[in-house]
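Reckoned from all heavy atoms, side chains included, excluding hydrogens, waters and symmetry mates. In what follows, chains carry the letters A, B, and so on, assigned in the order in which the sequence lines appear, proteins first and then strands, with residues in each chain numbered from 1.
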2 protein chains.
Amino acid sequence: MNNKEKLRKAGLRPTKQRMIIADILLDGINRHFTAENLQNEINSSGNSMSIATIYNCLKKFRNCGLIKQVESSKDTAIFDTNINQHHHFLDEETGKLIDIENDEVNLHKLPKIPQGYLNNGVEVLIKIKKQI
Amino acid sequence: MNNKEKLRKAGLRPTKQRMIIADILLDGINRHFTAENLQNEINSSGNSMSIATIYNCLKKFRNCGLIKQVESSKDTAIFDTNINQHHHFLDEETGKLIDIENDEVNLHKLPKIPQGYLNNGVEVLIKIKKQI
DNA sequence: TTTTACTTTAAAATCGTTCTAAACTACTTG
DNA sequence: CAAGTAGTTTAGAACGATTTTAAAGTAAAA
Ligand SMILES: [Mn+2]
Ligand SMILES: [Mn+2]
Ligand SMILES: [Zn+2]
Ligand SMILES: [Zn+2]
């Protein structure tokens, strides 16, 4: 399926701007990035785009499940092209994230979900620190 | 150990402002809060404090290990008086966090820590959603 | 007591993100 | 295709959380 079809299937009009972003993000490579990172890639590809449009598109892509947003206490939002359920190593010094595939972690015992709620996804974060 | 001693032990001068905050936060009750939440509590206690001082103190307290900061993709920092290793339920709709004690989770299989790094803490986040 | 380093503060600045409103474009309908 | 319309892009303004500034205040050291 090409990117135009992917956008259509997600219910998004394949505009020029969304296609530029899809061409960068939906290439099958897993990565973590900020809106500014993406703007730099767009610029490098010979295109340009308003930062408002980049935020609009990232939000649409995320809400359609084409990308994810990572839980992170950094002040800048981090997005993730790996949409499979997976986990992360986090180097708190640098903010760098490394994927952990889902089958690398085995949660043996899980607490009971609070009354009236449903489990909506489990994320494991392993904080790591450079060895001295 | 009283709060003045706790601050001294943490290497912090027990100033009037830090004592006011310690009296609120270090009462042994586990809670999640923002800088603004804390300012409201300070006001309710009949005191007042510049928001810059509140941020300064929270950062110092966190760096000394008197409190923690939660990983959260919300735009407002969330702090935690529960400094034991523990986990969270997160209702993504409301942002509400609920503690999960460490022994309620059992990680059976963990991935190998990347070369040159040390494990610096594991956090499990269980996203939950209101049942319909 | 004097000195020193650290702390607090109001206000300004910063920075990521969202909003506004006007111009533009993709899709629908005739 | 031609119009109509609903959705999208944009520059720039606005916003809100957090940090910085720089001057006044306070705690600890000498
Ligand atoms: Mn955050
Ligand atoms: Mn943010
Ligand atoms: Zn990832
Ligand atoms: Zn907690």
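- Between the CG atom of A/L58 and the P atom of C/dG16 there is a distance of 15 Å, given to the nearest Å.
- Mapped onto DNA chain D by nearest heavy atom, A/S50 and B/I51 fall at different nucleotides, with A/S50 at the one closer to the 5' end.
- Residues A/H86 and A/D80 have side chains that bring a donor and an acceptor to within less than 3.5 angstrom of each other.
- Rounded to a whole Å, the CG atom of A/N37 is 11 Å from the P atom of C/dT17.
- Between A/H32 and A/N82, the side chains place no donor N or O within less than 3.5 Å of an acceptor N or O (distance only, hydrogens not considered).
- Distance CG (B/N56) to C1' (D/dG25): 15 Å, rounded to an integer number of Å.
- For the side chain to side chain contact (heavy atoms under 4.5 Å, CB included) test, residues two or more places apart in sequence or in another chain that qualify with A/Q69 are A/R62, A/A77, A/F79, B/S73.
- Nucleotide C/dT14 holds its C1' atom 16 Å from the CG atom of B/D75, rounded to whole Å.
- Residue order along DNA chain D, read from the 5' end via each residue's closest nucleotide, puts A/K60 first among A/K60 and B/F79.
- Taking atom NZ on B/K59 and atom P on C/dT7, their separation rounds to 13 Å, with Å as the unit.
- A donor-acceptor contact closer than 3.5 angstrom links the side chains of B/N3 and B/D23.
- As rounded to whole Å, 10 Å separates atom P of D/dA11 from atom CD of A/Q39.
- At a cut-off of 3.5 Å, with distance as the only test, no side-chain donor of A/N56 or A/T53 sits close to an acceptor on the other residue.
- Residues B/I21 and B/M49 form a side-chain contact, since some pair of their non-hydrogen atoms from C-beta on lies under 4.5 Å apart.
- Put simply, CD1 on A/I54 is 12 Å from P on C/dT17, counting in whole angstrom units.
- For DNA chain D, the residues of residues 5-19 of chain B within the heavy-atom distance limit of 4.0 Å (strictly under) are B/R8, B/R13, B/P14, sorted by number.
- Atom CE of A/M49 and atom C1' of D/dG12 are 18 Å apart (whole Å).
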